[in-house]
Amino acid sequence: MKNIKLLVATLLVTLTASAQFTQKALPYAYNALEPFVDAQTMEIHYSKHHAAYVKNLNTALAGTADEKLSLNEIFVKISTMPAAVRNNGGGHYNHELFWSVLTPEKNTKMSAELEKAINETFGSLDVLKEKLNAAGASRFGSGWAWLVVTKEGKLVVTSTPNQDNPLMDIAEVKGTPIFGIDVWEHAYYLKYQNKRGDYLSALWNVVNWTEVSKRYKAAMPKPDTFAAWPEIKTFHKVMSQTFHPSEEGNLQPIKERSAEMAEKANALKMAKIPAQFNKKEIVAAVNKLAKDSKALDKLVKAKASDEKITKALNGLHDTFHTIVGLCTHDEE
Ligand code: MN3
C-alpha cells in the first residue's frame with residue numbers, strides 16, 4: 001500500500017512537472033554554420049543555454065494560472081509577471097527564432113515583397129545590415145538586435161536588453177520580429193572573444209532569407225475584407241465570443257447573449273450591403289442568419305435543452321461561414 005501511494009505521488013509529481021514548452025530540434029548540425037559560427041559555440045548555446053531557458057520557464061509557470069498560456073499571450077502582459085518568466089520566456093522564444101533564421105544553405109532567396117520593403121524603408125540591403133550591426137554593437141551588455149514588422153506593417157530595426165523582445169508589452173519598439181541577432185557573449189565569445197563586430201559581420205553569411213521572408217509575410221497586417229461592412233464585423237464578434245466557448249461545452253455565453261446576437265443579425269439584415277457583396281446568395285444567407293438567430297434566442301428563452309441550443313448555434317455558425325466564404329470567393 002505504501003508503495004502504491006509512493007507510486008501515485010511520483011506519478012503526480014511527474015505529471016505536474018511535465019514540460020509545457022519544449023525545444024525544437026536544431027534544423028542543422030552543430031558544425032553546419034562553420035566557419036562563421038563554430039560547432040562548440042552552437043552546441044553549448046543550443047544544448048545548455050537554450051535548454052536551460054526552456055526548463056526554467058516551465059518551472060516558473062508550473063502550477064500557476066498562466067501555465068496554459070502561449071508565449072504570445074505571456075508577452076503581452078509580461079510587465080505583470082515574475083522576472084523568471086520574462087527572462088526564460090524571452091530566452092526560449094528568441095533562440096527558437098534565431099536558429100530558424102540561420103542556415104548552412106548558400107543563396108537562400110529573399111521574396112520580392114520583402115526586398116521591395118527593405119529597399120523602400122532603408123534604401124538597400126546593405127544599409128539594413130549596417131543598421132542591424134550598429135543596433136547589435138551598441139547594445140550595452142547582453143541583448144538582441146531585431147528587424148520587426150510593426151502593426152502598421154512597417155519594417156523597423158531595434159534592440160532589446162537581456163532576453164526581452166519586441167512582442168513584450170515593456171518593449172520600447174513593439175512589433176513582430178522577423179529576424180533577430182543574439183549579441184550575448186555566449187553567442188560568440190569562444191570564437192570572436194571581444195570582437196562583437198566581427199561576429200555580426202560574419203553572421204550575414206548564414207542568414208536564411210527564405211525563412212525571414214516567410215516570417216515577413218506572416219507578420220504583415222492582412223487587408224480588411226469587411227472594412228465597408230461594419231455590421232458583419234459586429235455580428236462576428238458576438239458569434240465568436242459565444243460559439244467558441246460552446247465548442248468546449250460552455251453554453252453560458254450564448255445563453256446570456258442570444259438576444260444580443262439576434263439583434264446584431266437583424267441589424268445586419270437591415271443594413272445596406274456593400275455593392276461588391278450584394279449578390280442573391282449572400283442576401284439569402286443574411287436573411288437566414290437573422291431568422292435563425294431569432295429562433296435561437298427563442299430556444300434560449302424557452303429554456304430548451306443544451307443539445308438543441310448547441311445544434312442551433314452550430315447551424316448559425318455554418319451560415320455565417322457560408323457568407324464569409326461567398327464574400328471572399330467573389331473577391332478573387
Ligand atoms: Mn543566446
Side-chain angles (χ1 to χ4, degrees), residues 19 21-61 71-72 74-75 78 82-104 129 132-148 157-168 170-173 176-208 211-212 215:
F21 291 103
T22 51
Q23 210 179 359
K24 267 193 217 154
L26 197 65
Y28 34 78
Y30 290 136
N31 66 359
L33 306 181
E34 295 260 15
F36 310 108
V37 186
D38 60 288
Q40 194 188 6
T41 295
M42 277 307 290
E43 179 166 2
I44 297 172
H45 202 174
Y46 176 82
S47 71
K48 300 283 187 272
H49 291 281
H50 183 190
Y53 294 126
V54 177
K55 183 169 175 278
N56 295 336
L57 173 63
N58 288 329
T59 304
L61 289 171
L71 285 175
N72 276 289
I74 288 173
F75 292 156
I78 204 76
V85 175
R86 176 169 166 180
N87 293 334
N88 295 293
H92 177 36
Y93 177 92
N94 298 349
H95 286 88
E96 242 16 8
L97 183 141
F98 189 51
W99 313 135
S100 81
V101 295
L102 300 180
T103 181
K129 287 180 181 176
L132 272 161
N133 287 352
S138 63
R139 168 50 59 193
F140 184 76
S142 298
W144 290 76
W146 302 103
L147 176 62
V148 308
V157 169
T158 184
S159 82
T160 54
N162 306 315
Q163 293 295 355
D164 289 357
N165 68 47
L167 293 169
M168 293 181 174
I170 40 87
E172 246 171 83
V173 175
T176 306
I178 62 169
F179 178 68
I181 306 173
D182 189 341
V183 296
W184 283 58
E185 284 187 347
H186 69 222
Y188 63 87
Y189 209 83
L190 288 178
K191 184 176 169 72
Y192 297 94
Q193 291 85 47
N194 58 325
K195 294 178 287 254
R196 190 188 277 186
D198 290 358
Y199 155 73
L200 288 166
S201 307
L203 213 61
W204 292 109
N205 293 289
V206 288
V207 173
N208 185 344
E211 175 66 20
V212 179
R215 288 177 178 271

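Atoms within each ligand, like the ligands themselves, are counted from 1 in listed order.
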>> Tell me whether the Mn ion (ligand 1) has H45 as a neighbour, meaning an N, O or S atom of it below 2.8 Å.
In response: yes
> Looking at D182, N165, T160, which one forms a side chain to side chain donor-acceptor pair (under 3.5 Å) with N94?
Replying inline: N165
>> Can you check the angle at the Mn ion (ligand 1) formed by NE2 of H186 and OD2 of D182? Round it to the nearest 10°.
In response: 120°
> So does H49 have any N/O/S atom less than 2.8 Å away from the Mn ion (ligand 1)?
Replying inline: no
> Does any N or O in the side chain of H95 come within less than 3.5 Å of the main-chain N or O of G91, such that one atom is a donor and the other an acceptor?
Replying inline: yes
> Any sub-3.5 Å donor-acceptor pair from Y28's side-chain atoms to W99's backbone N or O?
Replying inline: yes
> For R215, which of L147, L97, T176 qualifies under side-chain contact (heavy atoms from CB on, under 4.5 Å)?
Replying inline: L97
